[in-house]
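Written below as structure tokens is the structure these notes are about.
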Amino acid sequence: MLSVRGLTKTYGGTAVVRGLDLDVRHGECFGLLGPNGAGKTTTLRLLLGLIEPDAGSIELAGLPVPQRAREARGKVGVVPQLDNLDPDFTVRENLIAYGRYFGLSKAAIVARVPALLDFAGLASKADAPIAQLSGGMKRRLTLARALVNDPDILFLDEPTTGLDPQARHLIWQGLRRLINAGKTIVLTTHFMDEAERLADRLVILDHGAIVAEGAPRALIESNIEPAVVEVFGEGLPEWMDRHATSICQRFERVGETLFCYTSDADCVIDALDQARGLRYVHRPSNLEDVFLKLTGRDLRD
Ligand code: ADP
């Protein structure tokens with residue numbers, strides 16, 4: 001569905017996308033992760049033919065981009081980072097107006113609207129103005145709107161940013177339904193749990209280049225010890241000096257918390273049980289641990 005070779009984009013002498021190679025197969029959910037400034041948005045814009053690359057080639061839904069980007073975009077659905085629904089229209093009118101951009105006949109769109117409303121869980125809100133929708137409803141409508149042209153591939157830019165847990169779960173449910181129905185999805189997200197849950201494969205970008213690539217579980221298994229004990233509380237520096245090097249394979253101090261990465265969490269917990277004033281959280285390692293190991297813990301802006 002998507003094949004990218006040597007994709008490069010430079011702004012003001014700085015390469016913000018540096019020789020990217022990507023392949024997204026039909027029916028797969030592909031994650032594009034990276035800290036702020038890694039080049040995710042620029043990459044998405046290049047893939048959609050909204051900006052021109054300095055080098056490299058893109059084939060999207062079988063068409064070369066940017067040469068035939070307009071045609072390719074007809075086979076694509078896009079959920080932008082910020083909802084850009086038309087506030088002057090109702091829910092139903094938003095779907096119809098968007099379908100018209102794709103040159104669909106009004107009759108064809110009207111026929112699709114009930115299924116789209118149903119997918120978004122908004123059948124009872126069809127005639128409501130946008131201002132009456134919650135944040136989660138707006139997101140679901142934006143997602144349904146992206147399906148108006150029955151796209152082969154969907155690009156989702158941070159689809160659940162700003163939503164509460166209930167609303168996120170509803171969006172994930174919708175995305176799962178699309179994946180099960182054979183749609184191809186390219187997803188950018190800051191939420192590692194979202195990527196772990198949805199993506200079949202993903203890349204982690206940093207400074208415009210890929211630093212890791214694979215299935216979430218495989219990335220965790222190959223990059224990180226299986227368990228993490230996060231230790232915090234009174235007496236941490238002393239405990240760390242006495243125990244950390246001898247009982248965990250790798251540790252990292254971040255502010256007031258010590259992250260102990262280990263394949264033997266019991267051993268760490270035994271040592272902690274004897275320490276007064278320290279508390280801990282024991283959990284399996286996850287994609288966020290991989291992400292932070294590979295891209296660092298420094299703040300990006
Ligand atoms: P991300 O989406 O991963 O946060 P972006 O693709 O938005 O990253 O940005 C990557 C880098 O490119 C950043 O350093 C950003 O400042 C720079 N950049 C993005 N768009 C432009 C532009 N139009 N002009 C100049 N620099 C840009």
Side-chain angles (χ1 to χ4, degrees), residues 2-24 28-60 65-66 69-70 72-73 76-84 135 139 142-143 146 153-163 168 171 175 184-214 216 219 223 286-301:
L2 177 66
S3 172
V4 173
R5 291 291 173 272
L7 190 63
T8 300
K9 181 71 184 174
T10 303
Y11 282 122
T14 306
V16 300
V17 176
R18 296 187 289 149
L20 213 59
D21 294 336
L22 297 174
D23 285 291
V24 180
E28 137 174 284
C29 179
F30 185 84
L32 194 57
L33 312 186
N36 281 340
K40 302 180 298 291
T41 307
T42 306
T43 300
L44 279 188
R45 293 174 62 77
L46 287 163
L47 299 182
L48 293 169
L50 302 173
I51 51 176
E52 297 236 345
D54 294 309
S57 64
I58 301 167
E59 195 180 287
L60 172 60
V65 171
R70 183 176 283 271
R73 283 201 297 269
V76 165
V78 179
V79 177
Q81 217 172 85
L82 298 173
D83 288 319
N84 55 356
R139 282 270 88 185
T142 306
L143 180 56
I153 177 165
L154 271 165
F155 287 84
L156 305 160
D157 197 1
E158 299 187 19
T160 65
T161 294
L163 298 186
R168 295 179 76 204
I171 294 283
L175 294 179
T184 308
I185 290 182
V186 176
L187 167 81
T188 80
T189 180
H190 281 298
F191 299 115
M192 297 300 130
D193 60 330
E194 181 162 286
E196 214 172 315
R197 205 176 283 258
L198 295 174
D200 298 303
R201 273 187 324 122
L202 59 91
V203 293
I204 299 177
L205 285 185
D206 202 8
H207 305 295
I210 293 174
V211 293
E213 180 166 14
L219 281 172
N223 281 284
N286 59 35
L287 197 58
E288 186 155 310
D289 298 307
V290 176
F291 185 87
L292 292 171
K293 181 182 176 194
L294 297 178
T295 64
R297 291 180 184 269
D298 294 340
L299 267 186
R300 311 287 178 93
D301 50 23

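Counting convention: from 1, in listed order, for ligands and their atoms alike. The first residue of the sequence shown is numbered 1, and numbering continues consecutively from there.
- At distances below 3.5 Å, not a single donor-acceptor pair connects side-chain atoms of R201 with backbone N or O atoms of E213.
- Not one N or O on the side chain of D193 forms a donor-acceptor pair closer than 3.5 Å with the backbone of E196.
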Residues 37-46 side chain polar contacts: donor-acceptor under 3.5 Å, at least two apart:
residue: K40; atom: NZ; partner: G34; partner atom: O; Å: 2.7
residue: K40; atom: NZ; partner: P35; partner atom: O; Å: 3.1
residue: T43; atom: OG1; partner: G39; partner atom: O; Å: 2.7

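- At distances below 3.5 Å, not a single donor-acceptor pair connects side-chain atoms of N223 with backbone N or O atoms of V290.
- Within 4.0 Å of ligand 1, protein heavy atoms come from Y11, V16, P35, N36, G37, A38, G39, K40, T41, T42.
- Counting only N and O atoms by type, the side chains of D83 and T142 include a donor and acceptor under 3.5 Å apart.
- Under the 4.0 Å criterion applied to side-chain N and carboxylate O atoms, D23 and R5 are assigned as salt-bridge partners.
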